[in-house]
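Every value quoted in this text rests on a predicted model; they were computed, and no experiment measured them. Scope of the values below: all heavy atoms of this structure, side chains included, with no hydrogens, waters or symmetry mates. Both ligands and their constituent atoms are indexed starting at 1 by order of listing.
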Amino acid sequence: MQESRYTSLMVDLIKDMLRFDPEGQPVVVRGWVRTKRELKNLVFVEVNDGSCFAGIQCAFDKTPFDKTPFDKREETENATDETLSTLRTGASVEIRGYLTPSPSAGQRSEVSGREIRLIGDAENYPLQKKRHSFEFLREIAHLRPRTNTFGAVARVRGALAYAAHDFFQKKSFHYIHTPIITANDAEGAGAMFQVTTLDMEKIAHDGGQGKPPDFHTDFFGKKTFLTVSGQLEAETYATALSRVYTFGPTFRAENSNTARHLAEFWMVEPEMAFADLRDNMALAEDFLKSLLAYALDNCGEDLAFFDAHVEKGIVAALEAVVDARFTHMSYTDAVKELERHADRFEFKPSWGSDLQSEHEKFLTEKVARGPVIVTDYPKEIKAFYMKMNDDGKTVRAMDVLTPRLGEIIGGSQREDNLEKLEKRMVELGMKTEHYWWYLDLRRFGGAPHSGFGMGFDRLVQYVTGMANIRDVIPYPRAAGLAEF
Ligand code: 4AD
Ligand code: MG
């Protein structure tokens, strides 16, 4: 960055400028032009640098001003006049001037501009209109962070990631980097992306003679995939460091084109040793509330925008969640409740089948009017590693459901009994020898332990009110979607 000519430069991000009482401080604004308005004697340039939601208005007097402190006054004025007359939305600029009280309503400060320099022009800039549809903006995902909505989403997302680390660090959870490439199917669901350096085209060309490719010759000497969850590895560290969490990208090759599924999404997964399902539920509730409280305290301006333009009433709704106790309900009771209202649903609720999105909405929005933790699901609809209840039919699972979204957290107490776990894996047709290291945790110093995964992108949806998960991650990955 070019060196400033001002020695008394106090602030250089709009965010910081707006914090000060405007008292004529010299400032240099660097950012992107949102709008330009011309009056008879004045030109207003609204500049945004993304450091906060608000931009700053820079007012230029068209009549020559004699107060200017610069040498070469005329030259500067001429260049500034010319730049102002051809200035376009989207261009990057550097503006020098003074921070002054603003006569316009709705803003405390503005910049009394003295000099403007065009840094990068923006001919035929695609973001001309005040409001573009989210669908259109998805096609220019590289430019959408320059809009109000996507700038705000990006700031809130970053703040929530920080808050997640802060929450766990303060509770003595150690951050573990679990692998992205893995040979295991952590959820036993099979929706994985394969990772290989085998030459697909060559294999296809040679015809393979009906034989599967020889994965011993593949990069890792076996079949490998992108992970669907860091849980299994987190368990190995929890049974050494007591409390750990992993937070990273996870991948699912499900072809579900919904507003809450991505093929690449981020998950926060804590895992605790010597903890049962009750402890897990308490941690999940505490975690979610602390994230909401952090956003309410630190992202007020962005949330006010979402409240006004994206999801009316969201701020009050989030505040209410922070203050309320979550409703607890067993799966069996949840199904009973749903069956009483069976006529309202497209998918009829029945014990043994998974809760549909419409059921989750009903439970949170109509029954509990807030988040619900549903526990003790039938073993058939949950993953192999969950601890079996004494009834032999249900497992110690928990899902945290929220209004608007449904499932935001999924977790469980883990099966710590070696025989029971092996038996369950065999029942499900899993090759136990592939999981020898996972089973070792039940052989050597086994301990009850529990954990969960929060879908981070769903959390961002929940906090911002954005309806489509593709709009809360910079570059969404879904079936058929990997343009950028
Ligand atoms: O319920 P899930 O599948 O649980 C697990 O993966 C466990 N191994 C977590 C654990 O116990 N450590 O996924 C956890 C959460 C879901 O509740 C949901 O919020 C999110 O991850 N999620 C997705 N988010 C976006 N796109 C997808 N395709 C998602 N699948 C799950
Ligand atoms: Mg789940």
Side-chain angles (χ1 to χ4, degrees), residues 157 160 164 168 173 176 178 182 184-193 226-238 243-272 275 277 279-281 283-284 287-288 291 331 354-357 360 364 371-375 377-378 381-387 395-402 404-415 438 449-463 466 468-473 476-479 481:
R157 188 178 171 108
L160 287 169
F168 287 119
F173 283 70
I176 306 297
T178 50
T182 174
N184 306 293
D185 182 353
E187 288 300 295
M192 302 177 88
F193 290 102
L226 295 179
T227 190
V228 295
S229 157
Q231 177 196 322
L232 304 192
E233 295 87 353
E235 282 184 53
T236 66
Y237 271 70
R243 295 181 189 176
V244 301
Y245 69 105
T246 172
F247 182 7
T250 46
F251 306 86
R252 303 216 177 158
E254 317 157 328
N255 201 348
S256 38
N257 261 317
T258 79
R260 44 180 220 149
H261 286 91
L262 288 169
E264 174 179 304
F265 63 101
W266 286 66
M267 206 185 335
V268 195
E269 296 179 273
E271 192 72 30
M272 299 177 284
L277 189 63
D279 302 318
N280 210 20
M281 292 162 74
L283 183 74
F287 181 43
L288 185 53
L291 293 170
Y331 167 88
D354 213 353
L355 298 182
Q356 299 294 319
S357 169
E360 295 177 345
T364 51
V372 181
I373 310 187
V374 180
T375 60
Y377 284 73
I381 56 174
K382 289 293 179 190
F384 70 94
Y385 50 71
M386 297 191 182
K387 187 165 182 64
V395 287
R396 271 175 219 168
M398 60 163 215
D399 278 4
V400 180
L401 316 178
T402 66
R404 287 189 273 118
L405 270 184
E407 180 189 340
I408 191 166
I409 290 175
S412 68
Q413 183 168 342
R414 319 307 187 187
E415 184 57 81
Y438 186 68
H449 59 286
S450 302
F452 62 79
M454 169 185 279
F456 186 71
D457 314 272
R458 290 196 189 166
L459 169 74
V460 182
Q461 277 191 282
Y462 186 49
V463 172
M466 294 295 284
N468 197 313
I469 198 165
R470 297 178 185 198
D471 295 330
V472 297
I473 187 165
R477 298 284 175 261
L481 184 66

Taking atom 12 (N) of ligand 1 as the reference point, the nearest protein heavy atom with its distance = E269 OE2, 2.7 Å
Compare every heavy atom of L277 with every heavy atom of R396, then report the nearest pair and how far apart it is.
-> O-CD1, 3.4 Å
Is Q231 close to ligand 1, meaning an N/O of one under 3.5 Å from an N/O of the other?
-> yes
With heavy atoms of G410 as the reference, note each atom of ligand 1 found under 4.0 Å away.
-> 1 (O), 9 (C), 10 (C), 11 (O), 17 (O)
Taking only heavy atoms of R260, which atoms of ligand 1 are found under 4.0 Å from at least one of them?
-> 25 (C), 26 (N)
Is a side-chain N or O of Q461 found less than 3.5 angstrom from the main chain of A259, in a donor-acceptor match?
-> yes
Distance-only donor-acceptor check, side chains Y237 and E271, under 3.5 Å | no
Closest non-hydrogen atoms of D354 and Y377, given as atom of the first, atom of the second and distance, are OD1-CE2, 4.4 Å
Looking at atom 20 (C) of ligand 1, what's its closest protein heavy atom, distance included?
-> G455 CA, 3.5 Å
Examine all N, O or S atoms of E407, backbone included, and report whether one is under 2.8 Å from the Mg ion (ligand 2).
-> yes
With only distance considered, is S229 within less than 3.5 Å of ligand 1 through an N or O on each side?
-> yes
Geometric class of the Y245/F173 ring pair [parallel <30°, tilted 30-60°, perpendicular >60°] | perpendicular
Which protein non-hydrogen atom lies closest to atom 17 (O) of ligand 1, naming both residue and atom, and how far is it?
-> E407 OE2, 2.6 Å
Parallel under 30°, tilted from 30 to 60°, perpendicular over 60°: which one fits the rings of F384 and Y438?
-> perpendicular
Is there a heavy atom in I409 that sits closer than 4.0 Å to ligand 1?
-> yes
Protein contact to atom 18 (C) of ligand 1 [nearest heavy atom, distance to 0.1 Å] | R458 NH1, 3.4 Å
If hydrogens are left out, which of T250, T258, I469, I408 has an atom nearest to atom 19 (O) of ligand 1, that is, the closest non-hydrogen atom?
-> I408
Please name the pair of heavy atoms, one in D457 and one in I473, separated by the smallest distance, quoted to 0.1 Å.
-> OD1-CD1, 3.5 Å
Sub-4.0 Å heavy-atom contact, G411 with ligand 1 | yes
Looking only at heavy atoms, the pair that brings S450 and A275 closest together is OG-O, 2.7 Å
When you measure from atom 15 (C) of ligand 1 to every protein heavy atom, which one gives the shortest distance, and what is it?
-> G453 O, 3.6 Å
Identify, by atom number and element, the atoms of ligand 1 in contact range of E254, meaning under 4.0 Å from any of its heavy atoms.
-> 28 (N)
Ranked by distance from atom 11 (O) of ligand 1, the top protein heavy atom is R414 NH2, 2.9 Å
Heavy atom of E271 under 4.0 Å from ligand 1?
-> no
So which heavy atom on H261 is nearest to which on T258, and how close?
-> ND1-OG1, 2.6 Å
Protein heavy-atom partner closest to atom 23 (C) of ligand 1 - residue, atom, separation in Å | F265 CE1, 3.4 Å
Proximal candidate to atom 8 (N) of ligand 1 [heavy atom criterion; set R252, M454, E187, K382] | E187
For S229 and A186 the tightest heavy-atom approach is O-CB, 3.9 Å
Heavy atom of Y385 under 4.0 Å from ligand 1?
-> yes
Without hydrogens or angle criteria, can the side chains of Y385 and Q231 be said to hold a donor-acceptor pair below 3.5 Å?
-> yes
More than 12 non-hydrogen atoms from neighbouring residues, nucleotides or ligands closer than 6.0 Å to CG on N468, yes or no?
-> yes
Atom 26 (N) of ligand 1 has as its nearest protein heavy atom L262 N, 2.9 Å
